[in-house]
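Below, each value reflects all heavy atoms present in this structure, side chains not excepted, and no hydrogens, waters or symmetry copies. Just so it is clear: chains get the letters A, B, ... in the order the sequence lines come, proteins before strands, and each one is counted from 1.
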Number of protein chains: 2
Amino acid sequence: MVRKTKEEAEKTRADIIRAAREVFHEHGVVRCSLEKIAKAAGVTRGAIYWHFADKAELFFAMREDVFAPMIERTDALLYDPATLNPLDAIEASVTEFFRVLNESPVVRETFEIMISRCEYVDEFATIEEEVGRPAWEFLDKIERIYRLAAEKGLLRAGIAPEEAARDTWAFTSGLLHLTLGCRRGTGLEQEIPVMIRNHMALRRAATVTPEI
Amino acid sequence: MVRKTKEEAEKTRADIIRAAREVFHEHGVVRCSLEKIAKAAGVTRGAIYWHFADKAELFFAMREDVFAPMIERTDALLYDPATLNPLDAIEASVTEFFRVLNESPVVRETFEIMISRCEYVDEFATIEEEVGRPAWEFLDKIERIYRLAAEKGLLRAGIAPEEAARDTWAFTSGLLHLTLGCRRGTGLEQEIPVMIRNHMALRRAATVTPEI
DNA sequence: GATTTTACATACATTCATGTATGTTTATAA
DNA sequence: TTATAAACATACATGAATGTATGTAAAATC
């Protein structure tokens, strides 16, 4: 059999993306061949060229597969109307991001590929812009939220919202790179929630702890 | 003429490293060919294979060329006995790091290559460990310094030295990745010293500002 | 001054990856 | 029911890139 139904074709596409992730992660995006990906997916290169124009497009599809739900998920926490303190929203969103990152191998592998297994040159140079965009959007988002917190008097006195936003932005990005770059087992993963909590605590306005 | 004097050979080696940096930066470490580097250096592949075993060794030599002086430079500020407040030492060291990064094209290109133009797989997987090592050593260094600051009562009350170290560590790493990842001209570079200053200011113990 | 290396250049063999062109079968629409 | 086109597999042409083997001329050594 050669011609498949639409569902079967979709499964083939998904198989290719899954195989691409595995092979990209093990051998690098530029270095690996489409032949290797095809074999890992149980198809031939013909199938890959049917579903994707080239390796760059396959890479982008693989990324989108993970990125879109991830952003949706963290944004939901960032903008959750039930959260009264905006700083709690930031803390919850960032914490959730790293929780998923550490618990989902697919997500983790995808980020590892993007950060340390891809050369952003030539056709991939334009992709770098795309890959980096969420980070820049995150800066805008938390800046607005920090401003909100400031208006509510929940941001520590003496800290400007823009300043807090850039600091948290750098902190988050650094945490991401360091936790991915490190060999597993240094125990950094367990510390992350505490680090985030401490980071945010520094920015919270002093409150009177209620006596019981 | 074929056989060169030792100084000429050293110049050839330096030329190759310089060319490698250019080509790595433009076309990626894995993707580019040694032929391209050879041409950019005005030699043949024979010369490269004479001076270096393979591309990985050339990459490593290029990195070391920039890394070693950089670490020496920042460590000098970090451990400067003339600096009374340890937090000043951290601030000076980090600020200097980013100053050099932004003012020296060679340094900047080298970091850009290591961060976004190299796939750390196969032979390069071991190199990743080396590339990441300074970051981990930096964590140890500033942790000790923050502890010193705490002993002197210069660290803000309520912050543990280890906690401060990890936070600054992530902040610095994030700043590096964000400033390199961004297209030039967003003006982030100018903001960096201020960001560092603000970051450190948050960690300084409250002092009585002397009245004049 | 003869010999040995050094510091490369040149040539060669091999391997591999890409893109496209061309089948081939079958779901699907008419 | 037949024509069309989807969903691939196969085959081919092409173009690198790598590593090594070999050549070679001048510097260094003796």
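- Distance CD (Glu10(B)) to P (dA27(D)): 17 Å, rounded to an integer number of Å.
- Taking the side chain as every heavy atom from C-beta outward, His199(A) and Phe171(B) never approach each other to under 4.5 Å.
- Rounded to whole Å, atom C1' of dT18(C) lies 13 Å from atom CD1 of Ile37(A).
- In the set dA9(D), dC8(C), dG19(D), the nucleotide with an atom closest to the side chain of Asp54(B) is dG19(D).
- In this structure, Ile17(A) and Phe52(A) have side chains that are in contact, with non-hydrogen atoms separated by less than 4.5 Å.
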For nucleotides 16-18 of chain D, tabulate all protein N/O to nucleotide N/O atom pairs closer than 3.5 Å, reporting atom names and distance.
unit_1  : atom_1 : unit_2   : atom_2 : d
dT18(D) : OP2    : Leu34(B) : N      : 3.1

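- Taking the six-membered ring where tryptophan is involved, the planes of His177(A) and His177(B) are essentially parallel, since the angle between them stays under 30° and well short of 60°.
- The distance from the CG atom of Leu178(B) to the CG atom of Leu139(A) is 8.5 Å, given to the nearest 0.5 Å.
- Contact annotation: the side chain of Glu143(A) never approaches that of Trp169(A) to less than 4.5 Å [non-hydrogen atoms, C-beta and beyond].
- Both cation-pi conditions hold for Arg63(A) and Phe60(A): the charged atom is under 6.0 angstrom from the six-membered ring centre and inside a 45 degree cone around its axis.
- With respect to Asp15(A) and Lys11(A), a salt bridge is recorded, a charged nitrogen being found less than 4.0 Å from a carboxylate O.
- Taking atom CD1 on Ile48(B) and atom C1' on dG19(D), their separation rounds to 13 Å, with Å as the unit.
- The distance from atom CZ of Phe52(A) to atom P of dT18(C) is 15 Å, rounded to the nearest whole Å.
- Across the protein-nucleic acid pair, Arg13(B) atom CZ and dT6(C) atom P stand 16 Å apart, rounded to whole Å.
- Residue Lys6(A) places its side chain closer to dA7(D) than to any other of dT10(D), dA7(D), dT10(C).
- When the side-chain nitrogen and oxygen atoms of His51(B) are compared with OP1 and OP2 of dA7(C), none of them lie within a distance under 4.0 Å.
- Side-chain proximity of Thr5(A) to the nucleotides dA28(D), dT10(D), dT28(C) is greatest for dT28(C).
- Distance Glu7(A) CD to dA7(D) C1': 14 Å, rounded to the nearest Å.
- Between Lys4(B) and dA7(C) there is no side-chain N or O to OP1 or OP2 distance below 4.0 Å.
- Checking dG19(C), dA7(D), dA7(C) against every side-chain atom of Ala9(A), the shortest atom distance belongs to dA7(D).
- One atom, CG of Leu58(A), and another, C1' of dT18(C), lie 14 Å apart when rounded to the nearest Å.
- The side chain of Trp50(B) sits closest to dT6(C) out of dA7(D), dT6(C), dC8(D).
- Listed pair Thr12(A) / dC8(D) meets the phosphate criterion, a side-chain N or O lying under 4.0 Å from OP1 or OP2.
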